[in-house]
Amino acid sequence: MMQPETPVCNTCGEQIGFNSDGTGVFVGCHECNFPICKSCLDYEIKEGHTGCIQCGTPYNGNLTEVGVAENEPVTRNTMADHLSNNQDTGIHARNISTVSTVDSEMIDEGGNPIWKNRVESWKDKKNKKKKGSNKVAKEIQVPVDQQMDEKQQSAEPNAMQPLSQIIPIPKSQITPYRVVIILRLIILGLFFHYRITNPVESSYGLWLTSVICEIWFAISWVLDQFPKWYPINRITFIDELSARYEREGEPSELAAVDFFVSTVDPLKEPPLITANTVLSILAVDYPVDKVSCYVSDDGAAMLTFESLVETAEFARKWVPFCKKFSIEPRAPEFYFSQKIDYLKDKVQPSFVKERRAMKRDYEEYKVRVNALVAKAQKTPEEGWTMQDGTPWPGNNTRDHPGMIQVFLGHSGAHDIEGNELPRLVYVSREKRPGYQHHKKAGAENALVRVSAVLTNAPYILNLDCDHYVNNSKAVREAMCFLMDPQIGRDVCYIQFPQRFDGIDRSDRYANRNTVFFDVNMKGLDGIQGPVYVGTGCVFYRQALYGYGPQSLPTLPNPSSSSCCCCGPKKPKKDLEEFKRESRRDDLNAAIFNLKEIESYDDYERSLLISQMSFEKTFGMSSVFIESTLMENGGLAESANPATMINEAIHVISCGYEEKTAWGKEIGWIYGSVTEDILTGFKMHCRGWRSIYCMPLRPAFKGSAPINLSDRLHQVLRWALGSVEIFLSRHCPLWYGWGGGRLKLLQRLAYINTIVYPFTSLPLVAYCTLPAICLLTGKFIIPTLSNLAAVWFLGLFLSIITTSVLEIRWSGVSIEALWRNEQFWVIGGVSAHLFAVFQGFLKMLAGVDTNFTVTAKAADDLEFGELYMIKWTTVLIPPTTLLVLNLVGVVAGFSDALNKGYEAWGPLFGKVFFAFWVILHLYPFLKGLMGRQNRTPTIVILWSVLLASVFSLVWVKIDPFVSKGDSSLTQGCIAIDC
């Protein structure tokens, strides 16, 4: 007779057991029937976790059994409210702590570090479970109908309503798209079969070069196309989120969020822009006690600090105004500059009067900030001095102590209506000569540690200083995923698309990146999630600590046996070796997984703790280490508010990360200027997934460089980061295969992100071929047969059809698709090319090359910066290609005129090829011309010189002439003009 399946505890893997009275199987949560045994439940309640792990419902029926009062509140932020007790918002020397080293051993009453007690409790818990499992003789599973009855009886209204929903692309749109992709792949195979089997003997070198380039383009298309196989859309239900976690008359149960804003040089990143970002965060539509804003000043500039003081004071007026009238956006600079009817949907009679007063207050605030900026233009010889006469600690930007200042918050200044404001914290990490600081990634990791000590919110939202909150409900949008018990457990971050202000209407240089954010990212969301793009992202803090998700892939059960028809059982030795290798991969993928530690025996656990100990991983701070063990965030009750600032100063000291896993396995990953790609890639390799959230109103907006030179240098930086990753141990081509947690299509997407700069090499060669063909009279394709013409026609039609169908399901415009295609060529033959050479010089030879940018005059009109000319060496290759192809077209028509009408047929194919290059580089040509056709003389001289020399040398050498063609090898070679 078959035995009924016995329920197993999801935490420890042991059998659940009976109730204390022996009436039935023990049920910990009557809301969702989450399988948990009584021993694990007792331990969870003892640790202060009185809510179900899966659905969050309190264990009301079991609290009294273990001696915990049902009405006793669980306090997780007991010390956060006292953070600002000893803090002042003035600018005085005593307000800035310059302590750089603090005793990092938090000792409990027994004399042992607190985090070590936690590890010992795991061991005791495991032993108790082993003893208790021997007493269980027989257990019966709760019938399904009984489970449903209990769930319906205990469920509250809206408790089980979904917080989000996946909206798949309609089959009428996605099915033809996939069919055309497969057809295009087949046509590509037939096309290459024809190209390879039909060489052009008279210009073999040109033919071979073109075939190699086309094969590389095909590989690039595969890497870019197939990660878009499963595109999806998502919608959120914010009202359901509020109904579940914000019940009337009860404290809000929404999770806390720590905002990170990073800035370096206030003269390049205007303080007013940073201030608008901070103000939009402080006014966000979220409980004020759940919001903390950390501003990282990596340049230790007193200008940034003083502007933040002014911002904190102005926030006392701005925040209540925003919440009273529900205005959008909540960045004052962008709100007051909107060219819309600001009276729409406003019904309060006092709105017009208060808006005028607020606009006047903001203009006065701007004048004060601008005065600070004007004062900071010239640094005094003795350095900056604060208002009380004390020298500013950050006068030497490369050698200064760590600085922290807490503004506003629970015990700080309230708004003008007497309400509490979100906490605002200024942070400048310590810097000393001889230490690696790792730029933005290092600054973000410092904020992770500071925020863990001071507030320890379970979620982190990072923004660039020029990206303000455009949708005040953006955090709630993210929480619809992160706080959903069904999907939130395995989500490491929520990525929002980037949207920009101040871009010209035609988006000449594809600054909006519409194709990437509205097409590629939707495709990745259907696989394992979007890549991290550096800003506008909400992280789960535990994922940044290197922990794996709760649903890690389980290892094969050693007790399972194979049936006789499947062959003999594998030897036990092989299985043990497999398990050992798998666990080694787990250790490489996740530093310390809170769930998997229960599955290790005493030897493996001690080995894990000794080799991957907390100190070696997280650094020498017991306060911070204890915070990493709190999966739901919050501060420990043992935290001492008197020493918290000192501990926060300690964790941002310049030597704190020495000999730890920071930047290697945890936090923002070092080793590339594009630390965002690396950080997200490591999380996905551990088995996490990410989610793409696209609310109707853009969540965040920023500024983008609309000038040609600035745009190319931005692309150069991104491409250089990709080359660095390609040459590092984290290259997706070989990293992360052992764990098996990164899906294949997701890996293809990451491979595409690191190999795309290398497309510049075949792209430059391919864009040079039309000019060579026109100058030499050769061509890369032989005379076409009828079958060959079908393959060429089919390839062009499949390319066009793929684009049309992509536009149909994604909603992007034809203009956006064309701009993206144009800038792919412009960036490929300029910034990407320089990034490849610079990356190899930097990674292999240790030579760091910088390209200077020299600004010319600009018009003081709308989008005046668009027409500014800035000289840079990156402009030379595309300019040379333009001149070459234009010269080639002129030479081709001249040659056809001399030879008669029979030469016009072959000419059209070559001219079409050349115009393909010129059309793609047309925005670049417009950028060179400027508004009044002004081009730096040096650009023209270098480009004409290189094109002329190349053309003359080519005509003289003519390397692609067939050796057997005696008519072309006699005497000197001449060109008919």
Side-chain angles (χ1 to χ4, degrees), residues 77-89 93-106 114-115 256 258-262 291-298 300 304-305 308 393-394 400-412 422-432 437 442-458 460 462 541 544-545 615 618-630 633-658 660 662 666-667:
N77 288 314
T78 55
M79 307 315 301
D81 297 337
H82 304 287
L83 254 177
S84 306
N85 283 343
N86 299 322
Q87 302 300 322
D88 198 327
T89 57
R94 64 177 181 273
N95 293 333
I96 305 175
S97 175
T98 58
V99 180
S100 57
T101 57
V102 185
D103 182 14
S104 61
E105 279 294 322
M106 283 289 290
I114 296 173
W115 63 268
D258 288 337
F259 286 78
F260 291 176
V261 179
S262 56
V291 175
S292 299
C293 178
Y294 293 82
V295 179
S296 170
D297 178 17
D298 222 29
T304 302
F305 179 82
L308 210 59
H400 65 83
M403 296 177 282
I404 295 177
Q405 173 66 52
V406 181
F407 303 96
L408 307 177
H410 176 73
S411 301
R423 185 178 292 103
L424 176 61
V425 184
Y426 169 86
V427 179
S428 182
R429 57 180 173 146
E430 181 187 22
K431 287 190 176 181
R432 302 296 182 191
H437 301 295
E444 295 288 349
N445 285 337
L447 289 182
V448 171
R449 298 191 294 271
V450 168
S451 61
V453 172
L454 299 183
T455 50
N456 198 32
I460 294 171
N462 85 294
R541 187 183 286 269
L544 283 171
Y545 290 158
E615 294 100 333
F618 297 112
M620 298 299 294
S621 171
S622 61
V623 175
F624 174 72
I625 289 173
E626 188 178 3
S627 73
T628 65
L629 301 175
M630 306 180 71
L635 298 178
E637 295 182 1
S638 60
N640 185 358
T643 62
M644 290 178 70
I645 292 295
N646 288 342
E647 191 68 22
I649 290 289
H650 169 56
V651 299
I652 61 172
S653 59
C654 57
Y656 183 84
E657 294 184 356
E658 294 292 319
T660 66
W662 284 102
I666 62 176

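What you see below is based on every heavy atom in this structure, not just the backbone, and it leaves out hydrogens, waters and symmetry mates.
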Run the side-chain contact (heavy atoms from CB on, under 4.5 Å) test on C654 and H437 for me, step by step, so that the C-alpha distance in whole Å, both residues' side-chain angles and the decisive distance to 0.1 Å come before the verdict.
CA-CA 7 Å; C654 57; H437 301 295; 4.2 Å; yes
Are the side chain of H650 and the backbone N or O of M620 linked by a donor-acceptor pair below 3.5 Å?
yes
Excluding sequence neighbours, so at least two apart, what forms salt bridge (Lys or Arg N to Asp or Glu O under 4.0 Å) with E657?
R449
Is there a side-chain contact between E430 and I652, using heavy atoms and a 4.5 Å cut-off?
no
Going through the distances and angles, do V425 and S292 end up as a side-chain contact (heavy atoms from CB on, under 4.5 Å)?
CA-CA 8 Å; V425 184; S292 299; 5.7 Å; no
R432 side chain to G655 main-chain N or O, any donor-acceptor pair under 3.5 Å?
no
Does the side chain of L454 reach to within under 4.5 Å of the side chain of I645, using non-hydrogen atoms?
yes
One should read off an interatomic distance between L308 CG and Y426 OH, to the nearest 0.5 angstrom, of 8.5 Å
For K431 and G394, indicate whether the former's side chain and the latter's backbone hold a donor-acceptor pair under 3.5 Å.
no
Determine whether L635 and M644 satisfy the following criterion, side-chain contact (heavy atoms from CB on, under 4.5 Å), listing intermediate values before the conclusion.
CA-CA 11 Å; L635 298 178; M644 290 178 70; 3.7 Å; yes
Sequence neighbours excluded, the answer for side-chain hydrogen bond (donor to acceptor under 3.5 Å, both in side chains) partners of S428 is none
When rounded to the nearest 0.5 Å, the distance separating CD1 of I666 from CG of N445 is 7.5 Å
N/O donor-acceptor pair under 3.5 Å between D258 side chain and I460 backbone
no
Decide yes or no for F259 and P422: does some side-chain heavy atom of the first lie under 4.5 Å from some side-chain heavy atom of the second?
no
OG of S262 to CG of L447, rounded to nearest 0.5 Å, is 7.5 Å
Heavy atoms of S296 and A443 approach each other most closely as OG-CB, 3.6 Å
What are the two closest non-hydrogen atoms of M403 and P393, and how far apart are they?
SD-CB, 3.7 Å
For the student: nearest non-hydrogen atoms of V261 and C293, plus distance
CG2-SG, 4.3 Å
Closest non-hydrogen atom pair, S621 against Y656
CB-OH, 3.4 Å
Contacts of S451 meeting side-chain hydrogen bond (donor to acceptor under 3.5 Å, both in side chains) (sequence neighbours excluded), chain-then-number -> R541
Rounded distance [0.5 Å steps], CZ in F618 versus OG1 in T628:
4.5 Å
Considering residues at least two apart in sequence or located in another chain, which fulfil the salt bridge (Lys or Arg N to Asp or Glu O under 4.0 Å) criterion with D297?
none
Once rounded to the nearest 0.5 Å, what's the spacing between atom CZ of F624 and atom CG of N456?
8.5 Å
Y294 pairs by side-chain contact (heavy atoms from CB on, under 4.5 Å) with which of I404, T455, L424?
T455
Residues forming a side-chain hydrogen bond (donor to acceptor under 3.5 Å, both in side chains) with N462, sequence neighbours excluded
Y532
Atom pair OH (Y545) and OG (S627), whose distance is rounded to the nearest 0.5 Å
4.5 Å
